[in-house]
Amino acid sequence: MQLTLSEADFQRLAQFMHATFGIDLSKKRQLIASRLSTPIQQRGYHSFTEFIDHLLKTRDPDELTLVQDKLTTNYTYFMREEEHFTFFSQVILPDIVRRHQRDKVLAIWSAGCSSGEEPYNISMCIMDYLGPQAAQWDTRVLATDISHKALAKARQGLYELPDTIPPAWKRNYFRPTAAPGVYQVAPKIRDNVIFQVFNLMDPIRFKLKFDVIFCRNVMIYFDQPTKDALVRRFYDATVPGGYLLISFSENLSPNAPYRRLRPSTFQK
């Protein structure tokens, strides 16, 4: 039985999610009711009021994860928007490797990494480009998400591989498992990614500024003021000449601080 979501409870939940995670649910009342009704009943709640009271009072991590996972899509795959990886390999990597010949440290962030395909993809591009020199470099990719569940899957590195994976990558960067059709990301690629829980609404205070930030298919959940504020934080966390890549279904405001290089690719 689907529970009734009152206007008051809808507003309470929508305001909480916007303030906490930047997620805009202002037009998603029916979606919330349909996607959360069964799972919260399975957890023993008898009404949305009871569930939302508990969520707002305790900020229970398990319940927060439930809401995030049901109301956003952790859907991703290897080589998603392949043009980005081509540009990254052919233009961005040569540029940032040249700049870091002295310190041999690349700072790359996959912001909203979901189940991990993107940061592993980035690492494979780096290993291909640097070849035998890779051992001399610190190429570790920071990969963050708000979903503990998505990050747990990402750390395992177990995937069914799409046909878009180059055969050489399948040989070099994956290992077959006992499960038919399931591969695990090879240790040298898994070890090159640092997974961390991070809320993009929080101040960005990582040790290094970034040469490249990937934030693709994340800002689709944000309203325009939230997007603009996040882009400003990204800009401040990017080195001069660094890059921001967003998805082809997104765009930045005309007054965004980055310079547009090509569709969905920007430079400070």
Side-chain angles (χ1 to χ4, degrees), residues 76 78-114 116-145 151 154-157 165-166 168-175 184-198 200 202-216 218 231 233-246 257-259 261-262 264-268:
T76 186
F78 286 105
M79 302 302 285
R80 185 176 192 179
E81 298 182 326
E82 189 173 347
E83 299 94 327
H84 276 150
F85 293 107
T86 301
F87 190 77
F88 177 68
S89 296
Q90 294 180 354
V91 178
I92 295 176
L93 267 176
D95 180 33
I96 63 177
V97 165
R98 177 183 52 77
R99 285 194 240 159
H100 287 286
Q101 281 299 319
R102 183 169 295 179
D103 64 12
K104 289 186 164 44
V105 176
L106 301 181
I108 299 172
W109 180 15
S110 170
C113 69
S114 188
E117 288 92 331
E118 179 178 89
Y120 289 139
N121 235 158
I122 294 166
S123 293
M124 292 171 203
C125 290
I126 295 170
M127 296 303 169
D128 266 11
Y129 182 75
L130 287 175
Q133 294 183 47
Q136 303 167 25
W137 286 71
D138 182 351
T139 60
R140 289 172 297 172
V141 176
L142 175 66
T144 67
D145 205 277
L151 289 174
R155 289 187 181 102
Q156 286 184 309
I165 286 284
W169 281 18
K170 194 171 180 178
R171 286 194 308 272
N172 296 334
Y173 301 137
F174 293 91
R175 300 291 177 264
Q184 185 166 42
V185 177
K188 66 180 175 182
I189 298 297
R190 287 215 314 279
D191 293 346
N192 198 58
V193 179
I194 301 167
F195 289 106
Q196 186 174 324
V197 175
F198 183 74
L200 289 173
D202 291 344
I204 299 171
R205 292 175 178 151
F206 296 111
K207 185 170 68 173
L208 297 176
K209 290 189 182 291
F210 294 98
D211 298 299
V212 189
I213 299 174
F214 285 77
C215 186
R216 304 187 303 162
V218 175
V231 168
R233 290 197 298 280
F234 280 155
Y235 187 81
D236 292 341
T238 305
V239 299
Y243 300 84
L244 171 68
L245 286 83
I246 64 175
Y258 287 96
R259 176 171 65 96
L261 292 181
R262 62 204 299 272
S264 75
T265 305
F266 303 84
Q267 188 174 28
K268 179 169 179 176

Undergrad: For C215 versus L244, what's the shortest heavy-atom pair and its separation?
TA: CB-CD1, 4.5 Å
Undergrad: Over all heavy atoms of both residues, which pair between C113 and D145 is shortest? Give the atoms and the distance, please.
TA: N-OD2, 3.3 Å
Undergrad: Do the non-hydrogen side-chain atoms of Q196 and F206 ever get within less than 4.5 Å of each other?
TA: yes
Undergrad: Which distance, rounded to the nearest 0.5 Å, do you find between the SG of C125 and the CG of L130?
TA: 11.0 Å
Undergrad: Who passes salt bridge (Lys or Arg N to Asp or Glu O under 4.0 Å) against R99, sequence neighbours left out?
TA: D95
Undergrad: What closest approach, in Å, do L245 and R216 show between heavy atoms, and which atom pair accounts for it?
TA: O-CG, 3.6 Å
Undergrad: Could you tell me the separation between the OG1 atom of T139 and the CG atom of L106, rounded to the nearest 0.5 Å?
TA: 6.5 Å
Undergrad: If you define the side chain from C-beta out and look only at heavy atoms, does anything of S89 sit under 4.5 Å from Y129?
TA: no
Undergrad: Could you tell me whether the side chains of S110 and E118 share a donor-acceptor contact shorter than 3.5 Å?
TA: yes
Undergrad: Run the ring-ring contact (aromatic ring centres under 6.0 Å, His included) test on Y243 and F214 for me, step by step, so that the C-alpha distance in whole Å, both residues' side-chain angles and the decisive distance to 0.1 Å come before the verdict.
TA: CA-CA 8 Å; Y243 300 84; F214 285 77; 10.0 Å; no
Undergrad: Closest approach of W137 and H100, non-hydrogen atoms and distance?
TA: CH2-O, 3.4 Å
Undergrad: Apply side chain to side chain contact (heavy atoms under 4.5 Å, CB included) to Q156 and list each qualifying residue two or more places apart in sequence or on a separate chain.
TA: L158
Undergrad: Listing request: all salt bridge (Lys or Arg N to Asp or Glu O under 4.0 Å) pairs with a residue in residues 125-134, at least two apart in sequence or in separate chains.
TA: none
Undergrad: Report yes or no: do R175 and Q184 form a side-chain donor-acceptor pair below 3.5 Å?
TA: no
Undergrad: Within the structure provided, determine whether H84 and S264 are in side-chain contact (heavy-atom separation under 4.5 Å).
TA: yes
Undergrad: Within this structure, what is the CH2-CD1 distance for the pair W109 and I122, rounded to the nearest 0.5 Å?
TA: 12.5 Å
Undergrad: Mind listing the closest non-hydrogen atom pair of M124 and Y173 along with its distance?
TA: CG-CD1, 3.5 Å
Undergrad: Once rounded to the nearest 0.5 Å, what's the spacing between atom NZ of K170 and atom CD1 of I165?
TA: 9.0 Å
Undergrad: Among W169, F195, F174, F85, which residue satisfies the ring pair (Phe, Tyr, Trp, His ring centres under 6.0 Å) criterion with Y120?
TA: F195
Undergrad: List for me each residue that meets side chain to side chain contact (heavy atoms under 4.5 Å, CB included) alongside R262, sequence neighbours excluded, and say none if there are none.
TA: F87, T265
Undergrad: Which residue in the set I126, V212, I194 passes side-chain contact (heavy atoms from CB on, under 4.5 Å) when paired with V141?
TA: I126
Undergrad: My understanding is that only residues two or more places apart in sequence, or in another chain, count here; which of them pass side chain to side chain contact (heavy atoms under 4.5 Å, CB included) with V105?
TA: D103, D138, L208
Undergrad: Under 3.5 Å, is there a donor-acceptor pair between the side chain of N172 and the main chain of A168?
TA: yes
Undergrad: Is it true that atom CZ of R140 has more than 12 heavy atoms of other residues, nucleotides or ligands lying nearer than 6.0 Å?
TA: no
Undergrad: Just jot down the side chain to side chain contact (heavy atoms under 4.5 Å, CB included) partners of T238, sequence neighbours excluded, or say none.
TA: I213, Y258, K268
Undergrad: About how many Å separate NZ of K209 and CG of D211, when rounded to the nearest 0.5 Å?
TA: 12.0 Å
Undergrad: Taking the six-membered ring for Trp, are the ring centroids of F234 and F210 within less than 6.0 Å of each other?
TA: no
Undergrad: State, to 0.1 Å, how close M127 and A134 come at their nearest heavy-atom pair, and which atoms those are.
TA: SD-CB, 3.7 Å
Undergrad: Could you walk me through whether I108 and I96 satisfy the side-chain contact (heavy atoms from CB on, under 4.5 Å) test, starting with their C-alpha distance in whole Å, then the side-chain angles of each, then the deciding distance to 0.1 Å, before giving a yes or no?
TA: CA-CA 10 Å; I108 299 172; I96 63 177; 4.3 Å; yes
Undergrad: Rounded to the nearest 0.5 Å, what separates atom CG in D191 from atom CD1 in I189?
TA: 9.5 Å
Undergrad: Is there a side-chain contact between T144 and V197 in this structure, where contact means two heavy atoms from C-beta onward sitting under 4.5 Å apart?
TA: no
